[in-house]
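Quick note: numbers below take in every heavy atom, side chains included, and nothing from hydrogens, waters or symmetry partners. Just so it is clear: chains get the letters A, B, ... in the order the sequence lines come, proteins before strands, and each one is counted from 1.
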Amino acid sequence: MRVFFPDGGSREFPEGTTALDAAASISRSLASKALAARVDGVVTGLSEPLRDGVRLEVLGFDSPEGREVLRHSASHLLASAVLHLYPGARFGVGPAIEDGFYYDMDIPGFPGSSALEAIEAEMHRQAAESIRFERIEVGIDEARRVMTDLGQAYKLELLDEIAAAGESVTLYRCGAFTDLCRGPHVPTTAFLKHFRLTSVAGAYWRGDEKREMLTRIYGTVFDSSKALADHLAMLEEARKRDHRKLGPELGLFTTGNEGGCGLIYWLPNGTIVREELENLWKAAHRRNGYNLVSTPHIAPASLWETSGHCSYYRDNMYFMPVDETEYVLKPMNCPGHILIYKSEKRSYRELPFRLAELGTVYRYEKSGVLHGLMRVRGFTVDDGHIFCTPDQIVDEIRKVVSFALYFLQVFGFGYAIELSLSDPDDMGHYAGSPEMWARVEPALADALDGMGEKYRTVRGEAAFYGPKIDIKLRDALGRYWQGPTIQFDFNIPERFDLTYTGPDGGEHRIYMVHRALFGSVERFTGNLIEHFAGNFPGWLAPLQVVILPLTVQQHERAAEVCGMLADRGFRCSVDRRNETIGYRIRAAESRKVPMMLVIGEREAGSGRVAVRAHGRGDLGVFELEEAVGLIEEACRRPALPEGGRSLSEIP
RNA sequence: GCCAAAAUAGCUCAGCGGUAGAGCAGCGCACUCGUAAUGCGCAGGUCGUGGGUUCAAUUCCCACUUUUGGCUCCA
C-alpha cells in the first residue's frame, strides 16, 4: 500500500504498517518525537494500521494535537495509578488542558495532597513497564456492561448521554485500567516520562454545584525533561512575581484577617502607585472628552429596583437600613451616572455625553473565590458611560477601543480582543429590540475592522443587556488577564427611559455604552505588580531615588541633594544607616528603587554623584545636573493620548 | 458556598503532649567603609480565635476566622 506525506512524497509499505512504523522508516528522530498521527486530516493513534492511499502526518509535542494526546494519555496513567493504589476509585472525566491534564475521581480513603508523591511514583513505575494503550471499539450495550462490572457509575452516566447520540463507543485499556474514551492515545505508557503532579482540588461532577464533589488531581507532562524543568521554572518565576507576595513585601497593600476578607488596605507605598495611576487616568479621560463625576456609595434600594439589579444581582449586593428605608451599598456605578444624565433634559447637541468616575463598589463574592487584589469584595471600577445617538456608535466604539489600547501600550501589555455577540437562535431572552441588536452588533465589528485590529468573534457570549468587546491583556510571562471591557446596554436606557431631544424636536431613545479600561484599579495594579515583577517604571515607583552617603562625613551633602530632588518633585530619601555601602545598596536593590546616588568623599568635594540604576548597576560618576537628567528620564510620566478632544459643547 | 490544605516573632521557617527556637528585618555599640549581606550585643511570641480531652495542649479533637489550590462565579 502507498502512504503520502505532507511534503508531497509517498512511499510503499506492507499491509498492517502503523503510523509509528512509517515514521520509523523515515527517520529515527521522527519516530522518537512522534506522539500521534494525522491520517487524512483525522488525529489518530500511532498504533493504528494505515490504509492504502492515506495522507500521513506525524504529530509531535510541537503540534497542539500531539501535546493534547500526550497530556490526555498522562491523565489515563494518573487514573491507572490511582486505581492501583485505591482499588475502589471511581472515575469522572480526565481531559488534557492547557499546560497539562487532570482527572476527576471519587477516591475512597484519599488522604489529600500528601498522596501525590506516592501516586506519581506509581505512575513512573507503570510508565517504565511500557503498558500498551489498547483501543477497543464496542457497542453501547457492551460498554455499559463493562462499566457496570467495573462499578463505574459516572462512566455509565456519560454513556447514557452518548447513547442518546446513538453511536458506538471506544474503550481504552491500559493494564488494569479501562476507560471510556474517544482517544487517541500514545501507543504505550513508555511515551510518558516527563510529568509532575501539581495539585489536588475539589471539583463538582459535571461542574454542577448540586452534584457530588470529586477529587481532581492536576498534573503536567512534557516530551523532554528540559521542557518539564523549564515549565516548572516558569511556575517558580510566576510565584516570585505573585502580587500577594510582592504586595506586602514592598509595602503596597495588606488584606484579610481583622481587616475582613476580600478588602484591601492600601499602605503608603501602594497608595503612591495607585495615585499615580489614577492621576494618569483622570488626565487622560479629561483629555479624551469625559466629564469626571462622583457618586455616593449608598443609594435607596428603589433605585436598584428600577435598574433591575435588585432582581438579577441581589445575591451580590449588601443591603442596609437607613431611617425607614432600605439602602444598597453600590455594586456598580451605572445608576448613579444615569441620574446625572437625567438631571436635565439632554439635547442631541451635547452628545456624545461621556461620564467617568473612579467609583468604589462593593459586591458580595463567595469566600472561596477571593484572590489577592484580583478578586475582592470592595474595589474601584474605572467606570465610564457614554450616551450617544445611534449614528455616533461606530465612532465612539473606535475611540474607546483606541483609548483602552493607549493604556495597555503605556504599560507594555500585549492584548487579544474578543467580540461577544448574541445567539441568533435565542433572541428571545435579550433586552432591547432585535432591530437595535441588528444595528449595533455590526457597528462593533465595523469599529474594530476600521481600526485594523484583529479580534475573535464569540457568538452567544453577549450579556443579556447587550453585546460587548473584551480585551485580554498579556503580561510579561505570557499569561492572559481580563482587562478592558466595553459593553453595550439596551436594558438600562429602557428601564430609566433615557432619551434625548433630536433635531426634529422629538424625544429619542439614547444608546448607552459601559466601559472600564483598567477593569478595576485593584486588579489592574495586581496585574502591574506581576507584569513588572515589582520593578515599577520610575514614575510609578513609590520611592524613586535613594541617596547613599558613603560615610557620616557625607550626610550633610546627601541631605542637600535629597532636598534639591524633593524640590523638583522626586520621591527620594537618604539611607543614613550605620551600615556598609554594600549593605545599603543591596537594601535599595531589594526595595526595587529605580535610582541610587552614592556620595563619597570624592563626589562630595566635586559637586558630583555616582549614579546606580536598579538592575543595571553602576552607571559612573556624573555632575549633579546630569544625574538629575538621568533621574528625570527614568521617572518621566507617560504622554497623554494623542489627538485629545475637548468636552462636548454645552449649548 | 463546596472539596482539599494551611495559620508559630515584621518576614521565611523549625519544634508537635511537659507553657518556644533559628535566619533575615528592627534597635544599640564598635568599625568609617567605594557599588547586592562588617562584627558583637539586645529586644521581639497568651504558638489565628473560642471551646473540649488531659495532671499538663503550640502539639490531640470540635467550631469559628483568615489564607492557599481548585469547582462554581466574576471587574
| Reckon A/N316 touches a base, only the sugar-phosphate, or nothing at all at heavy-atom distances under 4.0 Å? | nothing

| said: Under 4.0 Å, heavy atom to any atom of RNA chain B: which of residues 587-597 of chain A qualify? | reply: A/E589

| Which residues in residues 606-621 of chain A have at least one heavy atom lying under 4.0 Å from any atom of RNA chain B? | A/A610, A/R612, A/D618

| Just checking A/A203: base, sugar-phosphate only, or nothing, at a heavy-atom cut-off of under 4.0 Å? | sugar-phosphate

| request: Would you indicate what A/R216 reaches in the nucleic acid, counting non-hydrogen atoms under 4.0 angstrom: base, sugar-phosphate, or nothing? | output: sugar-phosphate

| Qualifying residues under side chain to side chain contact (heavy atoms under 4.5 Å, CB included), relative to A/D618, sequence neighbours excluded | none

| message | What's A/V376 touching, base or sugar-phosphate or nothing? Going by heavy atoms closer than 4.0 Å. | response | base

| Any side-chain heavy atom of A/R523 sitting closer than 4.5 Å to one from A/T525? | no

| Has the side chain of A/E365 got a donor or acceptor atom that lies under 3.5 Å from a matching backbone atom of A/G262? | no

| Touch class at under 4.0 angstrom, heavy-atom based, for A/L370 against every strand present | sugar-phosphate

| field | Check: A/L444 and A/P467 side chains under 4.5 Å, non-hydrogen atoms | value | yes

| said: Taking side chain to side chain contact (heavy atoms under 4.5 Å, CB included) as the definition, give me every residue that meets it alongside A/D208, ordered by chain and number, with sequence neighbours left out. | reply: A/K210, A/R211

| said: Give me the distance, rounded to whole Å, that separates B/rG48 from B/rU66 when you measure between the C1' atoms they each carry. | reply: 8 Å

| request: May I ask you to test the A/L540-A/F411 pair for a side-chain heavy-atom distance under 4.5 Å? | output: yes

| query | When rounded to the nearest Å, what value does the distance between P atoms of B/rA37 and B/rC29 take? | reply | 24 Å

| message | Would A/R274 and A/F253 count as a cation-pi pair here, with the cationic atom under 6.0 angstrom from the ring centre and within 45° of the axis? | response | no

| task | Would you mind classifying the nucleic acid contact of A/R211 as base, sugar-phosphate or nothing, using non-hydrogen atoms under 4.0 angstrom? | result | nothing

| task | May I ask you to decide if A/Y218's main-chain N or O and A/T198's side chain share a donor-acceptor pair within less than 3.5 Å? | result | yes

| For A/P594, all residues meeting side chain to side chain contact (heavy atoms under 4.5 Å, CB included), sequence neighbours excluded | A/A541

| Which is true for A/V200 with a 4.0 Å heavy-atom rule: it touches a base, it touches only sugar-phosphate, or it touches nothing? | base

| said: Are there runs of at least three consecutive Watson-Crick or G-U pairs touching RNA chain B, with each pair's two distances under 3.5 angstrom? Give them by first number. | reply: B:1-7 with B:65-71, B:10-13 with B:21-24, B:26-30 with B:38-42, B:48-52 with B:60-64

| task | Could you measure between the two C1' atoms, the one in B/rC60 and the one in B/rA56, and give it in whole Å? | result | 13 Å

| request: Walk along RNA chain B from 5' to 3' and tell me the first and last nucleotide with an atom closer than 4.0 Å to a non-hydrogen atom of chain A. | output: B/rG1 to B/rA75

| request: Would you classify A/Y364 as touching base, sugar-phosphate or nothing, given that sugar-phosphate means primed atoms plus P, OP1 and OP2, and contacts are heavy atoms under 4.0 Å? | output: sugar-phosphate

| task | Tell me what A/E212 touches on the nucleic acid: a base, only sugar-phosphate, or nothing, going by heavy atoms under 4.0 Å. | result | nothing

| field | salt_bridge(A/E461, A/K468) N-O dist < 4.0 Å | value | no

| task | Please tell me if the side chains of A/R196 and A/E120 come closer than 4.5 Å, counting only heavy atoms from C-beta onward. | result | yes

| request: Using the P atom on both, measure B/rG45 against B/rA30 and round to a whole Å. | output: 27 Å

| request: Give one of base, sugar-phosphate or nothing for A/F518, where a contact means two heavy atoms less than 4.0 Å apart. | output: nothing

| request: Using the closest heavy atom to pick a nucleotide of RNA chain B for each, name whichever of A/K366 or A/R244 lands nearer the 5' end. | output: A/K366

| request: Quick one: list whatever passes side chain to side chain contact (heavy atoms under 4.5 Å, CB included) with A/Y265, sequence neighbours left out. | output: A/T254, A/L263

| task | Not counting sequence neighbours, which residues clear side-chain hydrogen bond (donor to acceptor under 3.5 Å, both in side chains) with A/D99? List them please. | result | none

| request: Could you identify which residues of residues 263-274 of chain A place a heavy atom less than 4.0 Å from some atom of RNA chain B, listed by residue number, or say none? | output: none

| query | A/G359 near the nucleic acid: base, sugar-phosphate alone, or nothing, with a heavy-atom cut-off under 4.0 Å? | reply | nothing

| task | Taking atom C1' in both B/rG10 and B/rG50, compute the distance separating them and give it to the nearest angstrom. | result | 26 Å

| Got more than 12 heavy atoms from elsewhere within 6.0 Å of CD, A/Q544? | yes

| query | B/rG1 and B/rC11: how far apart are their P atoms, nearest whole angstrom? | reply | 25 Å

| query | Taking atom C1' in both B/rG17 and B/rA22, what distance in whole Å separates the two? | reply | 23 Å

Side-chain donor-acceptor pairs under 3.5 Å in residues 600-608 of chain A, sequence neighbours left out?
residue	atom	partner	partner atom	Å
A/E603	OE1	A/G600	N	2.8
A/S606	OG	A/R602	O	3.0
A/S606	OG	A/E603	O	3.3
A/S606	OG	A/R608	NE	3.3

| request: Name the nucleic acid region contacted by A/Y583, choosing base, sugar-phosphate or nothing; use a 4.0 angstrom heavy-atom cut-off, strictly under. | output: sugar-phosphate

| task | Quick one: list whatever passes side-chain hydrogen bond (donor to acceptor under 3.5 Å, both in side chains) with A/S307, sequence neighbours left out. | result | A/H309

| task | Find out whether A/F195 and A/M123 are in side-chain contact, i.e. whether some heavy atom of one side chain is under 4.5 Å from a heavy atom of the other. | result | yes

| said: For the C1' atoms, the ones on B/rC74 and on B/rU12, what distance do you get once it is rounded to whole angstrom? | reply: 33 Å

| task | Quick one: label A/S199 by what it contacts on the DNA or RNA (base, sugar-phosphate, nothing), any heavy atom closer than 4.0 Å. | result | sugar-phosphate

| request: Just call it for A/G207: base, sugar-phosphate, or nothing, with non-hydrogen atoms closer than 4.0 Å on any strand. | output: sugar-phosphate

| A/L214 or A/V381: which one's nearest nucleotide on RNA chain B is closer to the 5' end? | A/L214

| message | Tell me if the aromatic rings of A/F222 and A/H231 count as close, with their centers under 6.0 Å from one another. | response | yes

